[in-house]
**Q** 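Below is one structure. I have some questions about it.
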Amino acid sequence: MLLVSRQGKTRLTKWYETVSPKERARIVRDVTATVLSRAPKMCNFIEWRADKKIVYKRYASLFFICCIDASDNELLTLEMIHLFVEVLDRYFGNVCELDIIFNFHKAYYILDELFIAGELEESSKKEVLSICAQMDDMMDESKEEGGHKSGRGGK
Amino acid sequence: MSIKLRELIRAVRACKTAQEERAVIAKECALIRTAFKDNNLQFRHRNVAKLLFIHMLGYPSHFGQMECLKLIASPNFPEKRIGYLALMLLLDERTEVLTLVTNSLKNDLEHESQFVVGLALTSVGNLATADMARTLVGDVAKHLSSNNPYIRKKSALAMIRVLKRVPELADDYVDRVVGLLKDRSHGVLITAVQLMIDVLKVGDAVAEDGTTIKSRFSRVVPSLVKMLRNLLNLGYSPEHDIAGIADPFLQVKLLRLLQVLGHKNDEASEAMNDVLAQVATNTETNRNAGNAILYECVRAIMTIESESGLRVLAVNILGRFLLNRDNNIRYVALNSLSKVVTEDASAVQRHRATILDCLKDPDVSIRQRALELTYQLVTPHNVRELAREMLNYLVVAPPEHREHLCGRIATVVDKFSPSARWRLETLVTMLSIAGNHCDDSVASSTVAYVCVADPDLQQYATHKLFNLLRDELPQVQVALMHAAVWCVGEFGDQLLRPCSVPNSDPDLFSSADSAPTTTTTNGQPPQQPQTNLAALASLRPRASYEAVPVPEILGLLEAVLKSHLATVVTKSYVLTALVKLATRLPAGKDETDDLVATFRTSMSLELQQRSCEYASLLSDDWTHVRPEALARMPALDAAALAAKRTQGIEAVGVDAAPPTASSFEAMPSSPALDQTAPGAGPSLLDLDDIFGGGGGGGGVSAPQPLQPQQPPQQQPPQQQPPPQQQPPPQASSDADLLSDIFSAQAPVQQPPPPVDIFGGPAPQPVPPPAPPPATGGKRAAPQIKAFEKDGLVLTMDLSKEGSGPTDVLCTFTNYTAKVMERLVFQAAVPKYVVMEMKPASASTVPAAGEGTVTQLVRVTNTVPTKPLMMRLKIRYVVGGRQIEEQAQVSSFPAL
């Protein structure tokens, strides 16, 4: 299962199944081409390979794409994507593509709080946000302690 | 000095060309490498973060893997955090250094901070290997009963990964998992339910124990139902609410679990019927979340052993979905309907019109789904309408789907066609629309149908194909061209006479009229609209065709040869057609000679050879053999075709088979018949033959069949049992023959003395099911099932011309799911039989009965008084395993 966001360019990828780097690059290329060629009114599902489906949704300039098993619930997957987007939105405060480009690691952290092994972990936005905030606080604290360490470009 | 991550990103974004970007990355990578080598602690985590960015851009980043491990081992939280992130992104299950992480993970799972434990659990959940899973399972499972919900949910998901990698552990944690259902946190509930679903999946896959896991989980059905009901009745709770629906995620997961538990479990299904009805009726459908729940609910209803009323409700919901304006919902509806159609076809047939509309949707996902569904909906009654729609769709289908679609249409036509004429029209239409894309088999089956058709239809088909070829030549579809050329060659003399439509069937092909309108309203620009529509228009059945003069026929073939579409294969077809026409159209012989001769110097070996050989065949030396050598092809074995068709119909299991095939229904095609009854399969036909020859219609080829019927007592004692087989005394040998045949129907019935059967004009011991009357006056070739074991079936079709040798056509069919390779078939016969084996058609038997391998064995019985017997040895490789079987066939029906 993978989750990719992009606008022609890859902004974030996460693999929940073991795939070799070469294969990854090919899949990303294939999927990008397929998704970008879809007209806006078409449905958000594409049958892909033998037993997989691609579920995608576009938010502003970004496509959020999931690959799921053929037997999974496509509509719910859309809802999961939406949940991720909403959490990002609250976290960054009106998220835009640039936020994700420059803070891709934070987007990954949020993703890890939402999904593990490709399965949804928490349905409450509040919960996810508070966890992320706490972890960020911990980062800041330890930075202050070890004064000389000039952490990564903070927000 | 290293730059910040943000600056690197900015620098990369500022690059105008890919080359510039590569330069920046290469420089940065070099710096990062040096930093790693110098063991620069200060910037290590920043460097790894930069590496992640570089990795995302698709550059190699393997040199940072060890650095991740160091970061994870660090006591500092930011370093740990970025270390775990890098671990999950840069490494995967197959990376060898992953085993080195196991210890760090074990330590972190014991860490006092919930976040560190959380990070470790996340990593286990995302990339644990089987080894890691075994080592860490205790630590992960311990957290299932942590008092912190954050840890509980993470450990539940990590357990999914652990149990997927090491399924045999699943059994031990069943009770612990069930305990999680009492939790109050939605996050834990969702993960627990998901864990249960996955435990059921892996538990079933691993051992018979799956049933016990399922039954243990089944006990919690009431509490799951209660949970779902509470969710439905829950008032507004902002935390989990989406568009006014309480936690759709949890609802869907619960429904999914109920679905798994209720499958094939009456008691559990009974317990959940009410709540499913409640979900189905009370869920709001204005928003996607509601539809997601409803969709899952419908799937649950369809999977469990639900009440019929509930099923009706579910199909109605899908019907409503189908009419929805949202494409997503329509897609989902089509998808689910195709699962329902196998059990409740009539309910789906009601929505046929809507489904056919979906075939014209601009969205390819929807069209594909609708097409699958349409294909499943075809019955003998609606085949005309649906095949027409499928052809219409073929016009607009994208080229990459056309081949598949052609195959589908061909199957439908094959199975359900109401008349020979219709079948031919449909196939020809298909060829003319998509002949460039379809499989060769479609063209050849079209030709085969023309071949077996009655003469009127043959003439009509030839005229039709000829006209199509003439009208469309500049851009004709390749397969159509081949079929047409073949028919013109074969039946060229028919073109000299005008043709009127054999039987005017009013609704035969009105599709062409509707085609242009449907395709233009479609909205999507078809690939080659003009040519295709023109093709459809010209397909409109004409009442009659004019006679074609000889020069025009040859002129057309010449034009084909010159066409830029003509390949070597095409030209070979044309050459063969020309040489045949030389005998069929004496008036044009000179011209054909010339045309054939043009390829004498062809660069293509195949064409040159054909040209030279045909030219000498056309020379005066061979005038006496020419008519015979170039005679019309013998009609294909109609019985074999029909039998194949019957099998197809039975496999589909559709209510009514076409009437033409009904006489074959008595022929069981089940592969599961006992091996001890080799004659079981087509025994009725065999009996029919035996009695037809001896008892019933005595006139049919009398001398031959009488031979084995001589009472054995009157024969001199047999002296020479063939060495390689141990035939029992002759008397019982004949009895065996009979008992073999009879055992399929009435094992108790003792075979009566052979004398009585064959000697008397009226056979007393007619077996219980009376042999069916021979089909339509012509007798099917005697067929026996010579061998059947482990899904491999060998049938033998016997045919004999005059007093010559008997041709035994051995057909191998493989009904297992695996392909059988390297098939070697050997046969031994007694000394008094002369045998000649031809090469087999292939050495691989495709799986699932989807194809056959045939081999012709020609035997001559030099001592007709003795029975024809055969000992068989069959060797093949399946799944890498060599298998060798032996069998003996002594029950050849008399010819």
Side-chain angles (χ1 to χ4, degrees), chain A residues 9-16 18-21 25 28 38-39 41-47 73-80 82-83 101-102 104-105 108-109 112-113 115-127 131 134-135 138-139 141-143 145-146 148-153, chain B residues 4-6 9 13 42 45-46 49 52-53 56-58 76-78 81-82 85 88-89 92-94 113 115 121-122 125-126 150 153-154 157-158 160-161 186-187 190-191 194 239-240 242 247-250 252 256 288-289 291-292 295-296 326-332 362-363 365-366 368:
Chain A
K9 285 194 169 169
T10 312
R11 298 295 178 212
L12 192 144
T13 58
K14 181 90 182 171
W15 302 80
Y16 293 106
T18 316
V19 186
S20 72
V28 168
R38 306 269 298 173
K41 274 273 180 87
M42 293 182 175
C43 77
N44 299 54
F45 319 126
I46 309 167
E47 279 156 52
N73 187 327
E74 302 92 343
L75 296 177
L76 193 76
T77 312
L78 277 183
E79 213 52 43
M80 289 194 208
H82 190 68
L83 184 70
I101 297 173
F102 281 101
F104 69 92
H105 49 284
Y108 276 122
Y109 291 145
D112 279 341
E113 294 306 317
F115 304 98
I116 296 179
E119 301 295 350
L120 187 73
E121 171 186 349
E122 178 59 67
S123 58
S124 153
K125 283 170 273 188
K126 209 172 110 199
E127 181 74 24
I131 296 282
Q134 285 179 48
M135 286 171 86
M138 276 182 75
M139 304 271 283
E141 274 166 35
S142 65
K143 256 179 239 163
E145 282 164 23
H148 62 281
K149 279 179 187 140
S150 59
R152 307 166 323 282
Chain B
K4 287 187 177 180
L5 171 65
R6 188 170 271 269
I9 298 176
R13 278 173 60 81
Q42 191 185 346
H45 70 293
R46 184 205 277 177
L52 288 182
F53 182 71
M56 194 162 65
L57 294 177
N76 179 309
F77 182 70
R81 197 180 186 196
I82 198 99
L85 181 59
M88 285 183 271
L89 291 177
D92 71 27
E93 205 180 332
R94 280 174 297 203
S113 160
F115 298 118
L121 286 172
T122 310
N126 280 346
Y150 177 72
K153 70 183 186 200
K154 291 228 178 214
L157 288 178
I160 292 182
R161 175 85 180 196
H186 279 214
I190 289 181
T191 53
Q194 184 62 45
E239 204 169 309
H240 304 288
I242 292 179
D247 206 342
F249 298 104
L250 183 54
V252 170
R256 175 55 74 89
N288 182 44
N291 285 325
Y295 172 43
E296 199 60 51
D326 186 348
N327 272 342
N328 289 342
I329 311 288
R330 270 170 43 197
Y331 173 87
V332 160
D363 188 336
S365 292
I366 290 192
Q368 283 298 99

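Residue numbers begin at 1 in each chain, while the letters A, B, ... track the order of the sequences. Quick caveat: nothing in here was measured; it's all calculated off a predicted structure.
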**Q** Going by heavy atoms in the side chains, are A/W15 and B/M88 under 4.5 Å from each other?
**A** no

**Q** Below 4.5 Å, heavy-atom pairs only: which of B/L57, B/N291, B/N126 has the largest tally toward chain A?
**A** B/N126

**Q** Would you mind checking which part of A/S20 comes under 4.5 Å of any heavy atom in chain B, side chain (CB onward), backbone (N, CA, C, O), both or neither?
**A** both

**Q** Any idea which of B/V332, B/L121, B/I160 has the most non-hydrogen atom pairs under 4.5 angstrom with chain A?
**A** B/V332

**Q** Before giving the answer on side chain to side chain contact (heavy atoms under 4.5 Å, CB included), spell out for B/I82 and A/Y109 the whole-Å C-alpha distance, their side-chain angles and the decisive distance to 0.1 Å.
**A** CA-CA 9 Å; B/I82 198 99; A/Y109 291 145; 3.8 Å; yes

**Q** Take A/E122 and B/Y150 through the side-chain hydrogen bond (donor to acceptor under 3.5 Å, both in side chains) test and state the conclusion after the steps.
**A** CA-CA 9 Å; A/E122 178 59 67; B/Y150 177 72; over 6 Å; no

**Q** Distance from A/Q134 atom CD to B/S113 atom OG, nearest 0.5 Å?
**A** 9.5 Å

**Q** Could you tell me the separation between the CD1 atom of B/I190 and the CG atom of A/L120, rounded to the nearest 0.5 Å?
**A** 5.0 Å

**Q** Can you find a pair of side-chain heavy atoms, one from A/F45 and one from B/N327, that are under 4.5 Å apart?
**A** no

**Q** Rounded at 0.5 Å granularity, tell me how far CG in B/L52 sits from CZ in A/F104.
**A** 5.0 Å

**Q** Evaluate the side-chain proximity of A/T13 to B/L89: yes if any heavy-atom separation is below 4.5 Å, no if none is.
**A** no

**Q** With the side chain counted from C-beta on, respond yes when B/I329 and A/L75 share a heavy-atom pair under 4.5 Å apart, and no when they do not.
**A** yes

**Q** Does a side-chain heavy-atom distance below 4.5 Å link B/E296 with A/L76?
**A** no

**Q** So what's closer than 4.5 Å to chain A heavy atoms on B/R13: side chain, backbone, both or neither?
**A** side chain

**Q** Could you measure the distance from the OH atom of A/Y108 to the CZ atom of B/R81? Nearest 0.5 Å is fine.
**A** 14.5 Å

**Q** Between A/E79 and B/N288, does any side-chain donor sit less than 3.5 Å from a side-chain acceptor?
**A** yes

**Q** Any ion pair linking A/E113 and B/K154 (charged N to carboxylate O, less than 4.0 Å)?
**A** yes

**Q** Between B/L157, B/N328, B/V252, who has the most heavy-atom pairs with chain A when the cutoff is under 4.5 Å?
**A** B/N328

**Q** Could you tell me whether the side chain of B/K153 reaches within less than 4.5 Å of the side chain of A/E127, counting heavy atoms only?
**A** yes

**Q** Considering non-hydrogen atoms only, spot the tightest contact between A/F102 and B/R6 and give its length.
**A** CE2-O, 3.7 Å

**Q** Does A/E121 form a side chain to side chain contact (heavy atoms under 4.5 Å, CB included) with B/T122? I'd like the steps, not just the answer.
**A** CA-CA 10 Å; A/E121 171 186 349; B/T122 310; 5.7 Å; no

**Q** Just by modelled atom types, is the B/Y295 backbone N or O under 3.5 Å from a matching donor or acceptor in the A/N73 side chain?
**A** no

